[in-house]
Amino acid sequence: MILVWPMIAIGWVINIIERGSASMGRINKLLDVSPEIKDTGKAKIKTIRGLIDMKSVFFSYNGKPILKNIDLYAEPGKKIGIVGGIGSGKSTLVALIARLYEVEKGEILFDGVPIREIPLKILRRSVGFVPQDVFLFSDTIRENIRFGNPNATDDEIVEVVRLCGLSDEIEGFPKGLDTVVGERGLSLSGGQRQRITLARAIIKNPSILILDDALSSVDTEKEAEIIDNLRDFLKERTTSIVSHRLKSLIDSDEVIVLQDGEITERGTHQELVEMNGFYANLFRLQQLEEVL
Ligand SMILES: Nc1ncnc2c1ncn2[C@@H]1O[C@H](COP(=O)(O)OP(=O)(O)OP(=O)(O)O)[C@@H](O)[C@H]1O
Ligand SMILES: [Mg+2]
């Protein structure tokens, strides 16, 4: 009788140890992965102004060529639009600008410095990236936004929330900015998640901003409102915008059209419409759609 309880306890402890060591094994496996992007940068720069220069860049995933001979030049403050069909390589292109992958051939330079030589800390601080599939942590909206800049004050957070057209919706939540979003943001709509991610990128005050279809789940009116709000902010940054809605690219300094990983058309909105190719067609279709 005296031994029954200790036996149960030993069984229980063995069970906990087994489960713990299995979990620890998995965590260690993750911690042992060394990142593909190595922080080898030695360039002595403190900030990036935002001049982007891509020189005949090639890229492939596991030997399958995706991007071919991409040239792109954007002076600080300019806006580059990127359009193209599904799977044409738009997301891959902007991921290369953010150095989420290493280019295979060719070169990307920021302010004339090869991207590989820029210390990652400076690179990550200077580039705001809103990915196509957004990621939120299961924490409050406030902390999700503050993730972009841990030193941001509450006033700054309120301001970016306003810029991203979220003020009314967040005020409607019972706890406002302190509402906890579910795992990966499940309790929010797609458009709300996208705009919180946008707010997170903006609060960083980056000199290069990349939006990969960042407002696709927001309706046209709201999108126009946000772009209008952000006009002053965007004026001072180099922006690359991937979008399916050509309307939001009309005022770009250059729009490039990607097809199968190659740039097939490039120019301002007006030039592309006159070229009467892929872009002009798509623009006509979208205008028709609007009228209908
Ligand atoms: N991680 C990956 N590994 C292997 N192949 C990939 C990977 N990511 C994308 N691809 C392939 O690369 C090509 C380009 O993909 P990418 O995501 O850049 O296209 P996209 O233009 O952004 O498309 P969408 O309009 O659907 O967002 C696709 O054919 C895709 O299958
Ligand atoms: Mg994409």
Side-chain angles (χ1 to χ4, degrees), residues 30 33-38 52 54-72 74 79-108 115 127-136 184-185 189-191 193-198 200-201 206 208-220 223 226-227 238-250 252 254-267 269 272 277-286 289:
L30 199 68
V33 176
S34 68
E36 270 173 43
I37 305 292
K38 300 225 162 43
I52 304 177
M54 292 181 95
K55 289 183 179 158
S56 34
V57 166
F58 286 75
F59 182 77
S60 43
Y61 286 116
N62 317 318
K64 182 176 155 225
I66 303 291
L67 291 177
K68 295 156 213 146
N69 205 10
I70 305 288
D71 282 301
L72 190 69
K79 179 174 168 186
I80 303 288
I82 302 169
V83 287
I86 294 165
S88 56
K90 304 179 296 293
S91 297
T92 310
L93 176 61
V94 290
L96 286 179
I97 300 179
R99 201 179 169 207
L100 301 183
Y101 300 110
E102 236 39 295
V103 300
E104 195 174 287
K105 221 171 101 193
E107 213 176 11
I108 302 180
I115 198 168
V127 180
F129 184 58
V130 184
Q132 193 165 18
D133 40 354
V134 301
F135 187 92
L136 294 181
R184 299 205 91 191
S189 77
R193 263 178 281 176
Q194 283 189 326
R195 280 172 292 151
I196 292 174
T197 319
L198 179 65
R200 179 197 285 163
I208 295 173
L209 185 68
I210 298 171
L211 308 179
D212 189 357
D213 231 347
L215 295 171
S216 56
S217 309
V218 179
D219 63 35
T220 324
E223 181 177 13
I226 296 169
I227 289 181
T238 319
T239 333
S240 318
I241 303 186
V242 176
S243 180
H244 287 283
R245 286 198 202 118
L246 303 188
K247 231 176 144 182
S248 48
L249 300 179
I250 285 184
S252 302
E254 188 181 30
V255 179
I256 62 173
V257 179
L258 271 183
Q259 275 170 304
D260 270 338
E262 281 178 277
I263 299 182
T264 50
E265 294 170 29
R266 68 193 311 161
H269 169 77
L272 286 170
F278 177 91
Y279 183 94
N281 256 328
L282 194 62
F283 185 63
R284 262 197 302 273
L285 272 176
Q286 293 190 357
E289 223 166 45

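For ligands, and for the atoms within them, numbers begin at 1 and follow the listed sequence. Here, residue 1 is the first one in the sequence, and each next residue gets the next number. Side-chain atoms are counted along with the backbone in the values below, which use heavy atoms only and exclude waters and symmetry mates.
Atom 26 (O) of ligand 1 has its closest protein heavy atom at Ile86 CG2, 3.5 Å. For atom 23 (O) of ligand 1, the nearest protein heavy atom (residue, atom name, distance) is Gly87 N, 2.9 Å. The shortest contact between atom 27 (O) of ligand 1 and any protein heavy atom is with Gln132 NE2, 2.7 Å. Closest to atom 25 (O) of ligand 1 among all protein heavy atoms lies Lys90 NZ, 2.7 Å. Shortest contact from atom 31 (O) of ligand 1 to any protein heavy atom: Lys64 NZ, 3.9 Å. Residue, atom and distance of the protein heavy atom nearest to atom 18 (O) of ligand 1 are Thr92 OG1, 2.5 Å. For atom 9 (C) of ligand 1, the closest non-hydrogen atom on the protein side is Tyr61 CE1, 3.3 Å. Here the protein heavy atom with the shortest distance to atom 17 (O) of ligand 1 is Ser91 CB, 3.6 Å.
Under the 4.5 Å side-chain criterion, counting only non-hydrogen atoms from C-beta, Ser252 is not in contact with Ile241. Here the side chains of Leu246 and His269 are not in contact, with every heavy-atom distance at 4.5 Å or above. Using a 4.5 Å heavy-atom cutoff, the side chains of Leu100 and Ile37 are not in contact. Residues Ile263 and Leu258 meet the side-chain proximity criterion, which asks for heavy atoms closer than 4.5 Å.
Remark: Asp260 CG is loosely packed, at most 12 non-hydrogen atoms of other residues, nucleotides or ligands lying under 6.0 Å away.
Interatomic distance, CD1 of Ile97 versus CZ of Arg99, reported as 14.5 Å (0.5 Å rounding).
Considering backbone and side-chain atoms alike, Asn62 places every N or O at 3.5 Å or more from each N or O of ligand 1.
Using a distance-only test at 3.5 Å, with no hydrogens or angles considered, a donor-acceptor pair links the side chain of Lys90 to the main chain of Gly84. The closest donor-acceptor contact from the side chain of Arg200 to the backbone of Ile196 lies at 3.5 Å or more, if one exists at all. Within the 3.5 Å criterion, the main-chain N or O of Ser91 finds no donor-acceptor partner in the side chain of Gln132.
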Let me have the donor-acceptor pairs involving side chains of residues 54-67, under 3.5 Å, with sequence neighbours excluded, atom names and distances please.
from  : atom 1 : to     : atom 2 : distance (Å)
Ser60 : OG     : Glu104 : OE1    : 2.3
Ser60 : OG     : Glu104 : OE2    : 3.2
Tyr61 : OH     : Thr92  : OG1    : 3.3

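For the Mg ion (ligand 2), the neighbouring protein N/O/S atoms at less than 2.8 Å, given as residue and atom, are Ser91 OG, Gln132 OE1.
Residues that satisfy the salt bridge (charged side-chain N to carboxylate O under 4.0 Å, His left out) test with Lys68, not counting sequence neighbours, are absent from this structure. Listed by chain and number, the residues in a side chain to side chain donor-acceptor pair (under 3.5 Å) with Gln286 amount to none (sequence neighbours excluded).
Residue contacts with ligand 1 include Gly89, since one of its heavy atoms falls under 4.0 Å from the ligand.
Contacts of Ile66 with ligand 1, taken as heavy-atom pairs under 4.0 Å, involve the side chain alone.
Protein heavy atoms come within 4.0 Å of atom 6 (C) of ligand 1.
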